[in-house]
Amino acid sequence: MSFMKGDLLSKTRKLMKGGIIARPRWLDAVMRIPPEPKKTRCKKAPKIVLPEDRLVESYYARHPEAKFTPFELNSFDPPPARKFAWRQLELMNHGYPRDIARDMVEVEFAEAEKAAEEAFRAERRRAIMEGREPPAPKKSKIEEIQEEEWEYLSQGLAAIGSQGRKAGEKLPGSERPPRVSSFN
């Protein structure tokens, strides 16, 4: 009966109507209190829309280069566009219009970036004056990833290089192929 559509009651009715089975004893009881319909198809999940999503989209429209700014997915630190939208939404909740709140947040973010850069320069000058090693400039996410990749690559090359070869022995396939000339 698995090829027939419907619940047990409708399948039994079809089989009785076709003369395949006799009327079962339980049919009257089931018809008085029919089973609840079984939901077989699940509905598509609703799209989750957060209040700041419009603001994030407008941020990316004004700053398209921000779409390519890498960030760590497993970090609790949100991407810059979301931080921007949260702050703008906060100002809008305090009564500022959307455009004015956006301009205020842009100024705040520019000032924060400038202050962080100035603090880094001051720390660097202080370290140089004290004779310490100055702090290295902050690396971008791409530079961090490239350094990590380089470490794994160098470890792999070292492992390949130490696999049973003696000093001065060449890797297979590293010799130059014989030169072929049409004038021989």
Side-chain angles (χ1 to χ4, degrees), residues 1-106 108-109 112-113 138-164 171-173:
M1 286 200 297
S2 63
F3 62 90
M4 296 174 65
K5 292 186 178 182
D7 59 353
L8 180 65
L9 190 57
S10 63
K11 289 178 183 181
T12 306
R13 284 183 185 157
K14 288 178 186 176
L15 291 172
M16 283 176 27
K17 187 177 179 182
I20 297 172
I21 63 169
R23 184 177 184 92
R25 289 188 228 165
W26 51 263
L27 186 63
D28 293 328
V30 172
M31 288 179 66
R32 275 188 245 130
I33 306 170
E36 291 186 21
K38 183 177 151 187
K39 294 184 180 181
T40 55
R41 297 179 188 236
C42 58
K43 294 180 181 177
K44 188 176 181 181
K47 184 177 180 182
I48 298 173
V49 179
L50 300 174
E52 70 267 10
D53 284 349
R54 285 183 341 197
L55 302 175
V56 170
E57 288 174 13
S58 68
Y59 178 82
Y60 283 139
R62 282 189 321 280
H63 305 282
E65 72 282 355
K67 289 181 181 179
F68 305 108
T69 303
F71 63 92
E72 293 191 33
L73 293 175
N74 61 351
S75 171
F76 289 107
D77 193 28
R82 189 131 328 249
K83 286 182 189 176
F84 187 94
W86 285 346
R87 180 64 180 137
Q88 183 179 356
L89 191 62
E90 183 181 331
L91 291 175
M92 288 168 56
N93 288 338
H94 286 296
Y96 290 100
R98 182 178 174 173
D99 296 339
I100 293 174
R102 180 192 64 225
D103 295 340
M104 290 172 68
V105 175
E106 283 182 351
E108 285 178 14
F109 272 53
E113 189 176 316
K138 186 175 180 188
K139 297 175 186 169
S140 70
K141 295 288 182 194
I142 293 174
E143 290 171 334
E144 290 176 11
I145 292 168
Q146 286 175 342
E147 277 188 8
E148 186 178 342
E149 287 174 346
W150 180 252
E151 288 175 19
Y152 287 124
L153 180 65
S154 60
Q155 289 172 0
L157 289 174
I160 290 173
S162 65
Q163 287 181 351
L171 287 173

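What you see is a predicted model, and the numbers here were worked out from it, not measured in a lab.
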Run the side chain to side chain contact (heavy atoms under 4.5 Å, CB included) check on Phe109 and Glu106 step by step: do they pass?
CA-CA 5 Å; Phe109 272 53; Glu106 283 182 351; 5.9 Å; no

Does some side-chain heavy atom of Ile142 sit less than 4.5 Å from a side-chain heavy atom of Pro70?
yes

Would you give the length of the straight line joining atom CG of Leu89 to atom CZ of Arg54, rounded to the nearest 0.5 angstrom?
8.5 Å

Note, Leu55 side chain near Arg102 side chain (heavy atom, < 4.5 Å):
no

Less than 4.5 Å apart, side chain to side chain, heavy atoms only: is that true for Arg98 and Gln88?
yes

Rounded to the nearest 0.5 Å, the CG atom of Asp103 sits from the CG atom of Leu91 at a distance of 11.0 Å

Within a strict 4.5 Å, meaning less than it, do heavy atoms of the Trp26 and Thr12 side chains meet?
yes

With Phe84 as partner, the option from His63, Arg62, Glu108 fulfilling side chain to side chain contact (heavy atoms under 4.5 Å, CB included) is Arg62

Close side-chain approach of Lys83 to Asp77, heavy-atom, < 4.5 Å:
yes

Any donor-acceptor pair under 3.5 Å from Glu52 side chain to Arg82 backbone
no

Indicate the atoms forming the closest heavy-atom contact of Arg23 with Met31, along with that distance.
NH2-SD, 4.1 Å

Output for pair (Glu65 CD, Tyr60 OH), nearest 0.5 Å, gives 10.5 Å

Separation of Lys14 NZ from Lys17 NZ (nearest 0.5 Å)
9.5 Å

Specify the closest pair of heavy atoms between Asp53 and Ile48, including all atoms of both residues, with the distance to one decimal.
OD2-O, 4.2 Å

